[in-house]
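Side-chain atoms are counted along with the backbone in the values below, which use heavy atoms only and exclude waters and symmetry mates.
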Amino acid sequence: MILSERDKKHLWHPLTQHKLHPDHIAITKAKGVFLYDERGNKYIDGIASWYTCMYGHCNEYITKKVSRQMRELDHVVFAGFTHEPAVKLSEELIKILPHNQEKIFFSDNGSTSVDVAIKMALQFHFNRGHKKNKIIAFEGGFHGDTFGAMSVSGLSVYNGPFEDFLINVSRIPVPNMDNFEVVKNQFKTLLEEAEVAAFIFEPLVQGAAAMQMHSAKLLDELVALAKDYGVVTIADEVMTGFGKTGKNFASEYLNNLPDIICLSKSLTGGLVPMAITSCSSFIYSAFLSDELAKGFFHGHTYSANPIACSAALAGIELLNSKEIQDRIEKIIEAHKVFGAKIQGHPNVKEIRQLGVIFALDLNIQMERYGNLRYQLFNFFMNRGVCLRPLGNTIYVLAPFIINNDELDKIYETIEEALDTF
Ligand SMILES: *Cc1c(COP(=O)(O)O)cnc(C)c1O
């Protein structure tokens, strides 16, 4: 029996209604920008497997470093012990993170990096003698699926069963030129009236909200305001981190830097799961005390796994390389040219781009998760391009190593879709 049939017997896939969508494509191999399925088809991975494999699948430099690490030290508990890959990774990360970041805390995935950030913010105030019970977040944000992360994410039809158990969150609209005064006043009212512990946001690009983008200047003003009120600011850079926005981190577009930053996707170049919550020394200082209980008692069994750390180190080396930086420039340029070309197409409603993130909204009315999305997905896959439209948005976030021919193939397929749907 082929894999996709055997799959059906025991597996339960994430984010899936199995009754409606029983079929899963079996991938047997991945290399560079390509995914290969069990039927012998190959696909350009136009979304870098959820923005993780930014240096290409099974990147040889990363796998070489990782296999060497595997023979050296596989794992050791990170409470009470330390090791070279973690120490070195902290040093290398601090070099490229926004300059106010000083401390690196490990966890396992994007959601846990957000939960850690929320707990840090709450305990930061608690340790200083203040009980604050509210978090402010953007409408339509996505921060993950664990309880804390789910709470600060935009209200979703999928949250129904859990609604009564979520933490206390107030949501404000994402600012734009038209609503800014209103949003700012709403934000200010919340800051004045409520016991606000933290403000969390996806800086500049809301990934799961179909790559919605907002202005750095407006976000910067909100961050500044939050700081005026002593509210901890948390930038969830799980999606935007590591070069995707044209800078290493989207927070670099801000003058007022966030106190806490969450990182995960593409941290290890897609090889293994790992996440980091970094913070400033101001946040960290509230946890230093002669009282044991003021420490941060959060930890995961695989925190700072040496193998994952070695993958992350190799990834950062690649990110810093001239080769990758040049490719990033070329992709940004190619996206611009493509955007200009299709701008006037009758089926294109809006085009957005920041760095290597490119998105276009189709001029088609539909239910957000309606059928068109699946039709488009199949249309692209049948043509050897893996793109996962979100609602009526088609977005491209390919590995940095993609070449111009491969990019052209993605663009041509999108144009064909524009002429078809
Ligand atoms: C994917 C994502 C998360 C959740 O990460 P997981 O590793 O899937 O738990 C959190 N925040 C943002 C912005 C993301 O894109």
Does N168 use its side chain to pair, donor to acceptor, with the backbone of K134 at less than 3.5 Å?
no
Would you check if F400 and Y55 make a side-chain contact, meaning some heavy-atom pair closer than 4.5 Å?
yes
Test log, rule salt bridge (Lys or Arg N to Asp or Glu O under 4.0 Å), inputs K64 and E60:
CA-CA 6 Å; K64 192 181 80 192; E60 270 167 36; over 6 Å; no
Compare all side-chain heavy atoms of M150 with those of H143 and state whether any distance is below 4.5 angstrom.
no
Just do the ring-ring contact (aromatic ring centres under 6.0 Å, His included) check on Y374 and H21 with the steps written out, would you?
CA-CA 10 Å; Y374 294 101; H21 300 283; 4.3 Å; yes
Are any side-chain N or O atoms of E412 and backbone N or O atoms of K409, one a donor and one an acceptor, separated by less than 3.5 Å?
no
Are the side chain of N179 and the backbone N or O of V182 linked by a donor-acceptor pair below 3.5 Å?
no
Is a donor on one side and an acceptor on the other found under 3.5 Å between the side chain of N159 and the backbone of E163?
no
Using the ring pair (Phe, Tyr, Trp, His ring centres under 6.0 Å) definition, which of the options F124, F287, F106 pairs with F296?
F287
Parallel, tilted or perpendicular, as decided by the 30° and 60° cut-offs, for the rings of F338 and Y411:
parallel
Minimum heavy-atom separation for P258 and T233, please, with both atom names.
CA-OG1, 3.3 Å
Do the rings of Y302 and H75 sit parallel, tilted or perpendicular, given the 30° and 60° boundaries?
tilted
Between Q101 and I94, is there a donor-acceptor pair closer than 3.5 Å when you use the side chain of the first and the backbone of the second?
no
Main-chain N/O of A149 paired with D115 side-chain donor or acceptor, under 3.5 Å:
yes
Ignoring hydrogens and angles, tell me if any N or O in the side chain of H125 forms a donor-acceptor pair with the backbone of A198 under 3.5 Å.
no
Hey, can you tell me if F105 and H298 have their rings parallel, tilted or perpendicular (30° and 60° cut-offs)?
perpendicular
Counting only heavy atoms not in Y284, do more than 12 fall under 6.0 Å of its OH?
no
Please assess I135 against F199 for the test side chain to side chain contact (heavy atoms under 4.5 Å, CB included), listing each intermediate value before the final yes or no.
CA-CA 6 Å; I135 314 269; F199 168 41; over 6 Å; no
Does some side-chain heavy atom of V223 sit less than 4.5 Å from a side-chain heavy atom of F201?
yes
Counting N and O atoms only, with roles assigned by atom type, does the side chain of R373 sit under 3.5 Å from a partner on the main chain of L390, one being a donor and the other an acceptor?
no
In terms of heavy-atom contacts, S151 and V169 come closest through O-CG2, 3.5 Å
Can you give me the closest heavy-atom contact between L319 and Q325, atom names plus distance?
O-NE2, 2.8 Å
K8/D23 under side chain to side chain contact (heavy atoms under 4.5 Å, CB included): CA gap, chis, key distance, verdict
CA-CA 8 Å; K8 288 176 188 164; D23 294 312; 2.7 Å; yes
For ring-ring contact (aromatic ring centres under 6.0 Å, His included), just list the numbers for H214 and F138, CA-CA rounded to whole Å, side-chain angles, deciding distance to a tenth of an Å, and then say yes or no.
CA-CA 11 Å; H214 54 266; F138 279 142; 5.5 Å; yes
Using only atom types and a distance under 3.5 Å, with no angle test, would you say the side chain of D236 pairs donor to acceptor with the backbone of I261?
no
E406 side chain to N403 backbone, donor-acceptor under 3.5 Å
yes
For the pair R327 and E329, evaluate salt bridge (Lys or Arg N to Asp or Glu O under 4.0 Å) and give the outcome as yes or no after the intermediate values.
CA-CA 5 Å; R327 276 314 310 163; E329 286 308 313; over 6 Å; no
Please find the pair of heavy atoms, one from C279 and one from M120, that lie closest to each other, and give the distance.
CB-SD, 4.3 Å
If you define the side chain from C-beta out and look only at heavy atoms, does anything of E202 sit under 4.5 Å from T240?
no
